[in-house]
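Notes follow once the structure below has been shown.
Sequence lines set the chain letters: A, B, ... in the order given, protein chains first and strands last, and positions in each chain run from 1.
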Amino acid sequence: MSNKIRTRFAPSPTGYLHVGGARTALFSWLFAKHHNGEFVLRIEDTDQERSTDEALQMQLSDLKWLNLDWNEGPEAGGEYGPYRQSERLGIYQECVQKLIQEKKAFHCFCKNSDLETKMEALKKAGLPMHYDGTCRKLSQEEVAVRLEGGEKAVIRFHVSQEKDYVLDDLVRGEVSFPSSMVGDFVILRSDGMPVYNFACAVDDHLMKMTHVFRAEEHLSNSLRQLMIYEAFGWEVPRFGHLSLIMGEDGQKLSKRHGATSCNEYKERGYLPEALTNYLTLLGWSSPSGSEILERELSVKEFDGTRINSSPAIFDEVKLTWMNSVYLRNLSDQELWKRVEPFIAKEKIEIYDDLAWREKSVGVLKTAMETLHDAVDLYRLLSDNLFKVSEKGKETLEWDSSQGVVEKWMDLISKMPNTFMTSEEFEGFQEEIKNSCGVKGKFLFMPIRVAVIGHPQGAEMKQLAPLLKKSSLLDRAEYCLGEM
RNA sequence: GACCCCUUCGUCUAGUGGCCUAGGACAUGUCCCUUUCACGGACAAGACACGGGUUCGACUCCCGUAGGGGUCGCCA
């Protein structure tokens, strides 16, 4: 019981949850669940400049949306709290004092400007840009006097040993770093806030973490943390450094690659289960080889092995495919759960009609079978979101299209302002066929574009009855304008 | 620049010395289904970065080279 597996996700609240962060959280969560362990959420908000409560709320809600719940953390509480680093300052102070007493850390009064010039010089000389140790020699008395005098000091960790530190990484195996890689590094800022590497190590130990999954950008940081663990004589948790997620150009995924936050995908109508399924397979592979992995199965299979050590490019096309699979598998109730808030948000009053709602569930289901992302569905329902896709525009450029769309408008304008039936649609279609002398795709595709803005989708006789006459007319007219 | 990590189809990956004529998924192309398109089905095309070893035998092990990425902050 005491050897329970414990993992954590430790975001800093500076914005929406990034897909990379989401994957780290997901892997940690899966690993904990697989081993019947605990997953804790810790907030690394020691950067007062950038951390905001608003961002914290965004992170929490994104995590909830992804269905990653935590046993301990903000809101949930727990016996190793508090779970916001800004509320743990006393703990860090105590730890720092201990290091100072043991001469493993020291006060440093060096001015930033001085440090910078020294670093410049070192760089020019081709030497490693390490702290030169000026303040290391200060006596206790000198420190006390300068502190009395109101001078601000940071606390630096004293890197004293000349040796290699070895890390047995869950993903990469043994990795070793020479201690000469770093100089005496800051662990406590002059304002009393701990620095990442210090707070992280202290908290991971105090919160009894057994396994730590984090992004590869932290791999080099591990050296500093290893030193801290050693200084305290603490047992080191097992680390797993996940390779980075890249954009299409092979560069680290960033804003210029388009959507990078979970929230953006949420807004665009992606299902959380599709996103997590996609992320599960980005850098990890299922032993059963399955691509569509329900959460339960991933928990069963995710044991911390089979994690890929090479960087992966985020492929939105595959994500979209996966989303379409989940969309199609939604039950009627689930489908409504997704569509309803949207209808409310867009104020689509005509669809509050109960009869329509009942009749349309089945039809919508059919429509879903061809949709790739829920935005398509929303577009189908909302006149405000209606637009003509690129392929739709191509269709409208056909010579025969204009006649078809005009005839279509002519016919629907004569019907009462309500919904047509499938039979009525078939009648209209027959009339257009005879009057315009077109059939096959030259008949169906222009009508389709005039209804849903895109030449692909479910059967027209099912789609058209979903929309009221006024909507159909507006859309057709809009298409005429596009010709 | 120093240190660390990475390198199989366009993309995500399987592969742990012979099972590989390198497998799957997405994307692409062709065909079937469909009075259209999509969905579904079938098929096709498409990769072990390079050079040396080790070995009877290397995608798999070792060493180089090249390329990519990361870290060198009072950011995380």
> Under a 3.5 Å cut-off for both distances, is A22(B) Watson-Crick or wobble paired, and to whom?
Replying inline: none

>> I want to confirm an ordering. Mapping V175(A) and K433(A) to their closest nucleotides on RNA chain B, which one lands closer to the 5' end?
In response: V175(A)

>> I need the CD-P distance between E394(A) and C37(B), as an integer number of Å.
In response: 15 Å

Result block: side-chain N/O donor-acceptor pairs under 3.5 angstrom for residues 195-203 of chain A, not counting sequence neighbours:
residue, atom, partner, partner atom, Å
Y196(A), OH, H218(A), ND1, 3.1
N197(A), ND2, N221(A), O, 3.4
N197(A), ND2, Q225(A), OE1, 3.1
D203(A), OD1, R88(A), NE, 2.8
D203(A), OD1, R88(A), NH2, 3.0
D203(A), OD1, Y92(A), OH, 3.3
D203(A), OD2, Q85(A), NE2, 2.9
D203(A), OD2, Y92(A), OH, 2.6

> Once you round it to whole Å, what is the distance between P of C4(B) and CD of E217(A)?
Replying inline: 19 Å

> Which value, in whole Å, describes the distance between the P atoms of nucleotides A14(B) and C61(B)?
Replying inline: 14 Å

>> Roughly how many Å apart are C5(B) and G10(B), using the C1' atom of each and rounding to a whole number?
In response: 24 Å

> With both distances under 3.5 angstrom, what nucleotide forms a Watson-Crick or G-U wobble pair with U7(B)?
Replying inline: A66(B)

> Under the side chain to side chain contact (heavy atoms under 4.5 Å, CB included) criterion, do V171(A) and E216(A) qualify, and how do the steps go?
Replying inline: CA-CA 10 Å; V171(A) 180; E216(A) 193 199 321; over 6 Å; no

> When you compare C62(B) with G1(B), how far apart are their C1' atoms, in angstrom units rounded to a whole number?
Replying inline: 28 Å

>> What is the separation between atom CZ on R224(A) and atom C1' on U71(B), rounded to the nearest whole Å?
In response: 8 Å

>> Just the rounded figure in Å: distance from C1' of C5(B) to CZ of F177(A).
In response: 9 Å

>> Using whole Å, what does the distance between atom P of nucleotide C74(B) and atom OH of Y196(A) come to?
In response: 16 Å

> What integer distance in Å separates K252(A):NZ from U71(B):C1'?
Replying inline: 10 Å

> Which part of the nucleic acid, if any, lies within contact of T395(A), taking any heavy atom under 4.0 Å across all strands shown: a base, the sugar-phosphate backbone alone, or nothing?
Replying inline: nothing

> Rounding to the closest angstrom, what is the interatomic distance between U60(B) and U8(B) at atom P?
Replying inline: 12 Å

> Under the side chain to side chain contact (heavy atoms under 4.5 Å, CB included) criterion, do I307(A) and L170(A) qualify, and how do the steps go?
Replying inline: CA-CA 8 Å; I307(A) 299 177; L170(A) 227 31; 5.9 Å; no

> Just how far is it from atom OG of S222(A) to atom CZ of R214(A), taken to the nearest 0.5 Å?
Replying inline: 4.5 Å

>> Applying a 4.0 Å non-hydrogen cut-off, can you work out what H218(A) is touching in the nucleic acid: base, sugar-phosphate, or nothing?
In response: base

>> Suppose you measure atom P in G24(B) against the same atom in G41(B); what distance do you get, rounded to whole Å?
In response: 15 Å

> Listed by chain and number, what are the side chain to side chain contact (heavy atoms under 4.5 Å, CB included) partners of D303(A), not counting sequence neighbours?
Replying inline: H34(A), T305(A)

> Which value, in whole Å, describes the distance between the P atoms of nucleotides A25(B) and G40(B)?
Replying inline: 12 Å

>> side chain to side chain contact (heavy atoms under 4.5 Å, CB included), that's the test. Do S180(A) and E162(A) meet it? Break it down for me.
In response: CA-CA 7 Å; S180(A) 59; E162(A) 192 69 39; 4.1 Å; yes

>> Using the side-chain heavy atoms of Q251(A), tell me which of these nucleotides is nearest: C72(B), G68(B), C5(B).
In response: G68(B)

>> Classify G283(A) by what it touches in the nucleic acid, base, sugar-phosphate, or nothing, heavy-atom distance under 4.0 Å.
In response: sugar-phosphate

> With rounding to whole Å, what would you report as the distance between A42(B) and A49(B) at their C1' atoms?
Replying inline: 35 Å

>> Need one value for E291(A): base, sugar-phosphate or nothing, where a base atom within 4.0 Å counts as base even if backbone is also close, heavy atoms only.
In response: base

>> Using 0.5 Å steps for rounding, measure from the CE atom of M181(A) to the NE2 atom of H130(A).
In response: 8.5 Å

>> Rounded to whole Å, how long is the line connecting atom CG of L253(A) with atom P of C12(B)?
In response: 13 Å

>> Return the pairing partner of G29(B) with a 3.5 Å limit on both distances, Watson-Crick or G-U wobble; otherwise return none.
In response: C43(B)

> Which part of the nucleic acid, if any, lies within contact of V154(A), taking any heavy atom under 4.0 Å across all strands shown: a base, the sugar-phosphate backbone alone, or nothing?
Replying inline: base

Enumerate, atom names and distances included, each donor-acceptor pair closer than 3.5 Å involving a side-chain atom of residues 244-253 of chain A, sequence neighbours excluded.
residue, atom, partner, partner atom, Å
D249(A), OD1, Q251(A), N, 3.1
D249(A), OD1, H257(A), NE2, 2.6
D249(A), OD2, R256(A), NH1, 3.2
D249(A), OD2, H257(A), NE2, 3.3
K252(A), NZ, E217(A), OE1, 2.9

> Is R328(A) near enough to G40(B) that one of its side-chain N or O atoms lies under 4.0 angstrom from OP1 or OP2?
Replying inline: yes

>> Categorize M246(A) for me: base, sugar-phosphate, or nothing, with a 4.0 angstrom heavy-atom threshold over every strand shown.
In response: sugar-phosphate

> Would you say the ring centroid of W284(A) lies under 6.0 angstrom from that of F27(A)?
Replying inline: no

> Would Y165(A) and F177(A) count as a close aromatic pair, with their ring centres under 6.0 Å?
Replying inline: no

>> Just verifying a value: how many Å separate D204(A) CG and M209(A) CE, rounded to the nearest 0.5 Å?
In response: 6.5 Å

>> When you measure only distances, ignoring hydrogens and angles, does the side chain of N221(A) come within 3.5 Å of the base of A76(B) through a donor and an acceptor?
In response: yes

>> Between C9(B) and A76(B), how many Å separate the two C1' atoms, rounded to a whole number?
In response: 37 Å

> Between atom NE2 in H107(A) and atom P in C74(B), what is the gap in whole Å?
Replying inline: 17 Å

> Just to confirm, is there a sub-4.0 Å distance from OP1 or OP2 of A14(B) to any side-chain nitrogen or oxygen of S285(A)?
Replying inline: yes

> Reading nucleotides 6-11 of chain B 5' to 3', which nucleotides get B (base under 4.0 Å from a protein heavy atom), which S (sugar-phosphate only), which -?
Replying inline: SS---S

>> Applying the Watson-Crick and G-U wobble criteria at under 3.5 Å, what pairs with U71(B)? Answer none if nothing qualifies.
In response: A2(B)

> Can you check whether F444(A) stacks with the U36(B) base, using ring centres under 5.5 Å and planes within 30°?
Replying inline: yes

> How is R214(A) classified with respect to the nucleic acid when contacts are heavy atoms under 4.0 Å: base, sugar-phosphate, or nothing?
Replying inline: nothing

> About how many Å separate OH of Y265(A) and CG of L66(A), when rounded to the nearest 0.5 Å?
Replying inline: 12.5 Å

> Which part of the nucleic acid, if any, lies within reach of G440(A) when heavy atoms closer than 4.0 Å are counted: base, sugar-phosphate only, or nothing?
Replying inline: base

> Is the shortest side-chain N/O distance from R448(A) to OP1 or OP2 of A38(B) below 4.0 Å?
Replying inline: no

> With sugar-phosphate meaning primed atoms plus P, OP1 and OP2, does T46(A) contact a base, only sugar-phosphate, or nothing at under 4.0 Å between heavy atoms?
Replying inline: sugar-phosphate

For nucleotides 58-60 of chain B, tabulate all protein N/O to nucleotide N/O atom pairs closer than 3.5 Å, reporting atom names and distance.
none

List, one per line, each side-chain donor-acceptor pair under 3.5 Å for residues 111-120 of chain A, sequence neighbours excluded.
residue, atom, partner, partner atom, Å
T117(A), OG1, D114(A), O, 2.7
K118(A), NZ, D132(A), OD2, 2.9
K118(A), NZ, T134(A), OG1, 3.1

